[in-house]
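Structure, as structure tokens:
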Amino acid sequence: KDAIRVGIVGYGNLGRGVRMAVKQNPDFQLVAVFTRRSPEQVDADGVKVEHISRLEDYKGQIDVMILCGGSATDLPVQGPAIAEMFNTVDSFDTHARIPEYFAKVDEAARRGGNLSLISTGWDPGLFSLMRVLGEAVLPEGHTYTFWGKGVSQGHSDAVRRVPGVKNAIQYTIPVEDAIRRVRNGENPELTTREKHVRVCYVVPEEGADLKRIEQEIKNMPHYFADYDTTVYFISEEEFRANHSGMPHGGIVIRTGKTGESTKQKMEFNLELESNPEFTSSVLVAYARAVYRLSKEGQVGARTVFDIPIAYLSPKTGEELRREYL
Ligand code: NDP
């Protein structure tokens, strides 16, 4: 059987994660990494690195491009442009802009005769699947998503932009009591503040006004003002020792009833020591599905909702029926 030939576009956390994930999937072959930086600058552990301007030269040599750029500014440009040249998979996670992004990628992919799966990972991605499954199975009920404990890159960046902050990290933490009430089937109406708290670890610049930094963080609109936020000031050493990982995770809970008052509960839980490495593993599984569906002649954009789960697995239908039904 021919290997599924993939390329990585953008070599950050996700790009590195995809390189590692491909190693665990013997049906894949990683052809090259593409970057906007000069290729000499990027060390991809022995994998060939090309400048992104050379993408087109690889037409016919790569079955699926795994797009690992950032959602804020990279993917809105790269997603549609590359979908016109190759089958693609990406993890676009700006929830509010997904419909618009889908339309752009869909048009480009159809123009090029390619298949593109957008917005996979864990959220959006596996969590999205669970939300749909929960509602389909228990139409009378409530769905709750809790995130964390985990590092939010966006919020960490926002704290690092506060004057006087040398380095910082932000953890999103679900409120235990809220989870308890949801699991109990109480169907609580939870405000933003009641669901999650935010905890920041900040390395201040020397002589910085700590009180001012703390107030500026806590009152920051959109990011922190609607939450209970705790700020801890720590040393550079402590930061390096205890806060250099990128853990994340969360829980999707569907509670509902069947019949008159029979309580039912579905729960999906992720505890990730590395958010990007896990997200990359999801990207690779979906790249397998894209490869197969494109071989069947499918074109255009898709989301996780459109992909039969058997297409994610390297096993045959017969194996899956025997082992997992
Ligand atoms: P990074 O910031 O690590 O990488 C983004 C891009 O920045 C890379 O593709 C790379 O492009 C460039 N870059 C990376 N490192 C450097 C560097 N040292 N110097 C200059 N440029 C660099 O982002 P992540 O990989 O952590 O995340 C990418 C996106 O994945 C996020 O924006 C997020 O939206 C999404 N995501 C989605 C999840 C989901 O569940 N759906 C979960 C987690 C993340 P280039 O090589 O071209 O320079």
Side-chain angles (χ1 to χ4, degrees), residues 1-11 14-15 17-19 21-36 44 47-48 50-71 74-93 98 101-121 124-126 128-129 279-314:
K1 234 168 68 185
D2 290 341
I4 304 169
R5 301 164 304 173
V6 292
I8 294 173
V9 182
Y11 201 64
L14 247 47
V18 168
R19 177 180 56 70
V22 164
K23 278 196 193 159
Q24 297 183 340
N25 290 279
D27 55 334
F28 279 82
Q29 180 202 346
L30 177 53
V31 177
V33 165
F34 299 87
T35 179
R36 291 163 297 185
V47 177
K48 178 150 55 150
E50 291 278 19
H51 189 258
I52 196 163
S53 58
R54 294 214 48 210
L55 268 177
E56 196 135 28
D57 302 347
Y58 281 80
K59 265 186 144 172
Q61 297 175 50
I62 286 178
D63 301 306
V64 185
M65 283 292 181
I66 304 182
L67 309 187
C68 298
S71 293
D74 299 343
L75 291 175
V77 178
Q78 295 179 345
I82 300 171
E84 195 168 344
M85 294 187 261
F86 295 94
N87 297 320
T88 65
V89 177
D90 72 52
S91 69
F92 185 74
D93 72 352
I98 287 175
Y101 182 69
F102 180 90
K104 289 212 174 99
V105 172
D106 187 53
E107 196 196 324
R110 285 181 195 281
R111 222 182 296 127
N114 297 313
L115 184 65
S116 290
L117 181 94
I118 69 154
S119 300
T120 193
L126 304 189
S128 322
L129 288 178
T279 302
S280 301
S281 297
V282 177
L283 282 168
V284 169
Y286 274 95
R288 179 182 290 119
V290 164
Y291 170 75
R292 291 175 171 169
L293 290 166
S294 115
K295 283 258 178 245
E296 293 178 7
Q298 293 208 19
V299 296
R302 298 288 187 279
T303 71
V304 290
F305 302 140
D306 308 308
I307 308 299
I309 202 161
Y311 282 74
L312 303 181
S313 169

- request: Would you please test V9 and I66 for side-chain contact (heavy atoms from CB on, under 4.5 Å) and show each step?
  value: CA-CA 6 Å; V9 182; I66 304 182; over 6 Å; no
- request: Show your reasoning for whether salt bridge (charged side-chain N to carboxylate O under 4.0 Å, His left out) applies to K295 and D63.
  value: CA-CA 10 Å; K295 283 258 178 245; D63 301 306; 5.2 Å; no
message: Run L115 and R302 through side-chain contact (heavy atoms from CB on, under 4.5 Å) and show every step you take.
response: CA-CA 8 Å; L115 184 65; R302 298 288 187 279; 3.8 Å; yes
query: How far apart are the C-alpha atoms of R292 and E296, what are their side-chain angles, what is the distance that settles it, and do they pass the salt bridge (charged side-chain N to carboxylate O under 4.0 Å, His left out) test?
result: CA-CA 6 Å; R292 291 175 171 169; E296 293 178 7; over 6 Å; no
- prompt: What's the verdict on side-chain contact (heavy atoms from CB on, under 4.5 Å) for D90 and Y101, showing C-alpha distance, side-chain angles and the deciding distance?
  reply: CA-CA 11 Å; D90 72 52; Y101 182 69; 2.7 Å; yes
task: Could you please spell out the steps behind the side-chain contact (heavy atoms from CB on, under 4.5 Å) verdict for D74 and R36?
output: CA-CA 10 Å; D74 299 343; R36 291 163 297 185; 2.8 Å; yes
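Of all the heavy atoms in P124 and I98, the pair that sits closest is CG-CD1, 4.2 Å. In terms of heavy-atom proximity, G69 sits nearest to Q78 at CA-OE1, 4.2 Å. In terms of heavy-atom proximity, S294 sits nearest to N87 at OG-ND2, 3.1 Å. Between T88 and I82, the closest heavy-atom pair is CG2-CG2, 3.8 Å. In terms of heavy-atom proximity, V33 sits nearest to A44 at CG2-CB, 4.0 Å. Here the closest heavy-atom approach between residue K48 and residue Y58 is recorded as NZ-OH, 3.1 Å.
With rounding to the nearest 0.5 angstrom, the OG1 atom of T303 is 4.0 Å from the CG atom of D306. Taken from CD1 in I8 to CG in L67, the straight-line distance is 11.0 Å, to the nearest 0.5 Å. With rounding to the nearest 0.5 Å, the separation of CG in L283 from SG in C68 is 6.0 Å. Interatomic distance, E107 CD to E84 CD, rounded to the nearest 0.5 Å: 9.0 Å. We find the CD1-CZ distance between I4 and F28 to be 4.0 Å, quoted to the nearest 0.5 Å. Atoms CD and CD, on Q29 and Q61 in that order, are 10.0 Å from each other to the nearest 0.5 Å.
A donor-acceptor distance shorter than 3.5 angstrom exists from the side chain of S280 to the backbone of L14, with no hydrogens or angles considered. In this structure, the side chain of H51 does not engage the main chain of F34 through any donor-acceptor pair within 3.5 Å. Side chain of S71 to main chain of D93: a donor-acceptor pair is present (N/O by atom type, distance under 3.5 Å, no hydrogens or angles). Between the R5 side chain and the D2 main chain, no donor and acceptor come within less than 3.5 Å of each other. When atom types are taken as modelled, the side chain of N114 and the backbone of R110 share no donor-acceptor pair closer than 3.5 angstrom. A donor-acceptor contact shorter than 3.5 Å links the side chain of S119 to the backbone of F92. S128 places a side-chain N or O within donor-acceptor distance of the main-chain N or O of G125, the cut-off being under 3.5 Å.
For Y311 and Y286, the ring centers sit 6.0 Å or farther from each other.
L55 is listed as a side-chain neighbour of M65, based on a closest heavy-atom distance under 4.5 Å. Proximity of V22 to N25: side-chain heavy atoms (C-beta onward) are nowhere separated by under 4.5 Å. Side chains of V31 and V6 form no contact here, defined as non-hydrogen atoms less than 4.5 Å apart.
Here the options are T120, L293, V290, the test is side chain to side chain contact (heavy atoms under 4.5 Å, CB included), and the partner is I307; only L293 passes.
For Y11 and R19, the side-chain atoms include at least one donor-acceptor pair closer than 3.5 Å.
Applying the salt bridge (charged side-chain N to carboxylate O under 4.0 Å, His left out) test to D27 and every residue at least two apart in sequence or in another chain returns R288.
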